[in-house]
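Computed from heavy atoms alone, side chains included, the values below leave out hydrogens, waters and symmetry copies. Everything numeric in this text was worked out from a predicted model, so none of it was measured.
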Amino acid sequence: MKKTQAIKVYCRLKPSLIKNEKSIKYEIKKKNDKEIICFNFKKYEQFQFQNVFNENTTQSSIFEHVAVPILEKFLNGMNCTIFTYGQTGSGKTHTIVGSNNDKGIIPRSFQYIFTKNAALNSTEENEIISMSYFQVYNEDIYDLIPLKKSGNNKNMQLTERVKFVVNVNGEIDFKNLNIVRIKNVKDALDILKSGNKNRRILSTTMNDQSSRSHCICKITLSNKESGFETILNLVDLAGSERISKNANTDKKTLAESRHINISLLYLHQVINALANDVSQKHVPYRNSIITLLLKGSLGFKCATAMISTIVLNDRSIAESVSTLRYTKDVSGIKHIIEEPKKPKHQQNLKIILLSGRQSTADPMLFVNKCMYNLIVKYQIIKNRNFLITITYQVHSLGWLIMEFSKLSNCSQNNIFMDGSLYSYIAMISDYRYYCILLTLIILNIIFMIWMWPKEQYINNVKFHSFINIRQRPYNQCSETHQLWTIWKT
Ligand SMILES: Nc1ncnc2c1ncn2[C@@H]1O[C@H](COP(=O)(O)OP(=O)(O)OP(=O)(O)O)[C@@H](O)[C@H]1O
């Protein structure tokens, strides 16, 4: 199989407030939508991106181009990551978190997920979404989701240091990280809002709201029936910075800067090792917490996008060149990416057929009612990426045939509404589902043929030995047995 670029790399240019500046050392220019060129006296460098977004690009456009393709993969069962990288003040937090008026990728992602995944809004609660929100500050993990204290201090909010262990696979297992179930977009936005207040922020020379930590929003989509889980990490890395450029050089700030720079250096080492032949090299994930946390995202089974943020003014040009070079190394990571095999089957593969028929006079109803509890759950899980769940409640053979003919006309992603009989039918046309339906029809016919002659021996022992209802009081029987009893009397 062919190796492809493991991480899609994008570049976002930040609008510069300082106009008419010209660097004497370097000049950086956007060549076209996919390239940036950089020259100094001696050399000319070219940097390739998936897309270069200029200063006027809106948050929604960034979301469309970068996040939507990743979110589609996430909804199709692939673990995904989006992270921002760049110098301090270049717009990482703006891109990934945004503000109330100009939302970034995280809030927009929740909106998108809830709009796209109809199962999340269903009352069945088969699919659930949960989130955790935490920061890596000075090589410790802190929970950003506030805990409400019990007792008198109800409104007091705490951020807790998260205990964790590194498991045998070299991944982090959290001990006390808050994982909150999200039922709607508002829940998520509320958590983000209060979580952002808990981030370690400092006013520096380069940015009056500089994040002093790496921040991760981990969104988990889980299917209750199958236990299948997909993870989306949205990461706002702390900004690389020159300590000499920061006027605020107290001990604490220096320690923070050192931790940030060292962890980014370790991340670079991991990227370099991955960009070279992985099989030949030891990949130093264990050097820092952020590399351990991003381990899965830089690997083989994850769709990852990186947005590098660049400032094109003289003061920042050296850092921008360094960001571009960092990005080039990230582009060098090549893997055989394991895409979900048939993503189109993942969603909407639910047939829920609910009967509104009440008549007990219908002879067919006997068979139908007995079949009522027959719930066929058909699940295919292939490579953790491929899941089909069909919940099928059989009611009426005639009706089933009618449905079958309806479904044969059903095109991909069509949703039929039939308020009188059924809540809905949502399915994708595929020969397997027709096979399953056909099998069920055949089973139904066999069941009917099998039952039919016995109708005349209803009070006969032979019949009772089949269904065995006599041995139990009526109210302790299962619904099927009760139905048999009703029918018999
Ligand atoms: N593309 C943009 N358009 C408009 N404003 C921007 C853009 N990028 C950044 N800004 C503004 O620049 C300031 C600094 O941005 P931000 O805090 O996102 O930087 P950062 O890279 O996260 O910095 P740090 O690493 O120090 O946290 C903010 O006020 C932000 O609103």
Side-chain angles (χ1 to χ4, degrees), residues 7 9-59 62 66 83-96 202-212 214 236-249 253-254 256-258 260-269 271-272 275 305-332:
I7 299 176
V9 183
Y10 300 83
C11 176
R12 185 179 196 181
L13 305 176
K14 183 188 168 185
S16 174
L17 298 174
I18 312 156
K19 299 284 175 203
N20 302 325
E21 262 193 326
K22 201 151 175 61
S23 167
I24 43 163
K25 282 193 214 149
Y26 293 101
E27 197 173 345
I28 298 180
K29 272 192 181 160
K30 179 182 169 188
K31 189 177 171 194
N32 54 42
D33 279 351
K34 292 194 184 290
E35 275 174 303
I36 282 198
I37 45 171
C38 162
F39 13 69
N40 65 7
F41 303 122
K42 293 177 201 148
K43 52 179 191 184
Y44 166 93
E45 283 178 84
Q46 198 161 339
F47 302 93
Q48 301 275 350
F49 294 91
Q50 209 71 27
N51 265 112
V52 178
F53 302 107
N54 64 26
E55 292 92 331
N56 305 322
T57 311
T58 59
Q59 296 278 69
I62 298 274
V66 183
F83 68 98
T84 47
Y85 179 87
Q87 71 160 119
T88 179
S90 57
K92 297 180 297 299
T93 311
H94 177 73
T95 304
I96 212 107
L202 184 80
S203 176
T204 65
T205 320
M206 305 296 283
N207 183 4
D208 57 4
Q209 289 274 296
S210 177
S211 321
R212 314 304 293 161
H214 308 297
D236 178 18
L237 288 179
S240 56
E241 61 189 25
R242 298 254 160 111
I243 290 171
S244 57
K245 279 195 178 177
N246 193 351
N248 190 349
T249 48
T253 316
L254 276 176
E256 285 171 357
S257 302
R258 207 173 306 119
I260 293 170
N261 287 340
I262 287 177
S263 61
L264 292 173
L265 179 74
Y266 285 139
L267 182 60
H268 201 172
Q269 287 178 356
I271 287 165
N272 278 336
M306 169 189 183
I307 306 171
S308 55
T309 48
I310 304 278
V311 193
L312 294 184
N313 64 37
D314 190 26
R315 252 197 326 177
S316 311
I317 211 94
E319 285 84 354
S320 296
V321 174
S322 143
T323 300
L324 289 168
R325 287 181 185 150
Y326 202 106
T327 313
K328 198 173 195 172
D329 292 337
V330 173
S331 312

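- Without hydrogens or angle criteria, Thr84 side chain to Ile307 main chain gives no donor-acceptor distance under 3.5 Å.
- Closest approach of Val311 to Gly89, counting heavy atoms only: CG2-O, 4.4 Å.
- Within the 3.5 Å criterion, the main-chain N or O of Thr327 finds a donor-acceptor partner in the side chain of Ser331.
- Between Thr95 and Arg12, the closest side-chain pair of non-hydrogen atoms falls below 4.5 Å.
- Under a 3.5 Å cut-off, the side chain of Ser308 and the backbone N or O of Tyr10 do form a donor-acceptor pair.
- The closest side-chain heavy-atom distance from Ile36 to Cys11 is below 4.5 Å.
- Between the side chain of Lys14 and the backbone N or O of Lys92, no donor-acceptor pair lies under 3.5 Å.
- Tyr326 contributes a side-chain N or O that, together with a main-chain N or O of Leu264, makes up a donor-acceptor pair within less than 3.5 Å.
- Across all non-hydrogen atoms, the minimal contact from Ala305 to Val66 is CB-CG1, 4.0 Å.
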For the pair Ser322 and Arg325, evaluate side chain to side chain contact (heavy atoms under 4.5 Å, CB included) and give the outcome as yes or no after the intermediate values.
CA-CA 5 Å; Ser322 143; Arg325 287 181 185 150; 5.7 Å; no

For Glu35 and Asn32, run side-chain hydrogen bond (donor to acceptor under 3.5 Å, both in side chains): C-alpha distance rounded to whole Å, both residues' side-chain angles, the deciding distance at 0.1 Å, then the answer.
CA-CA 5 Å; Glu35 275 174 303; Asn32 54 42; 2.9 Å; yes

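- Under a cutoff of 6.0 Å and an axis angle of 45°, Lys34 and Phe49 do not form a cation-pi pair.
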Check step by step if side chain to side chain contact (heavy atoms under 4.5 Å, CB included) holds for Leu237 and Leu267.
CA-CA 11 Å; Leu237 288 179; Leu267 182 60; 3.8 Å; yes

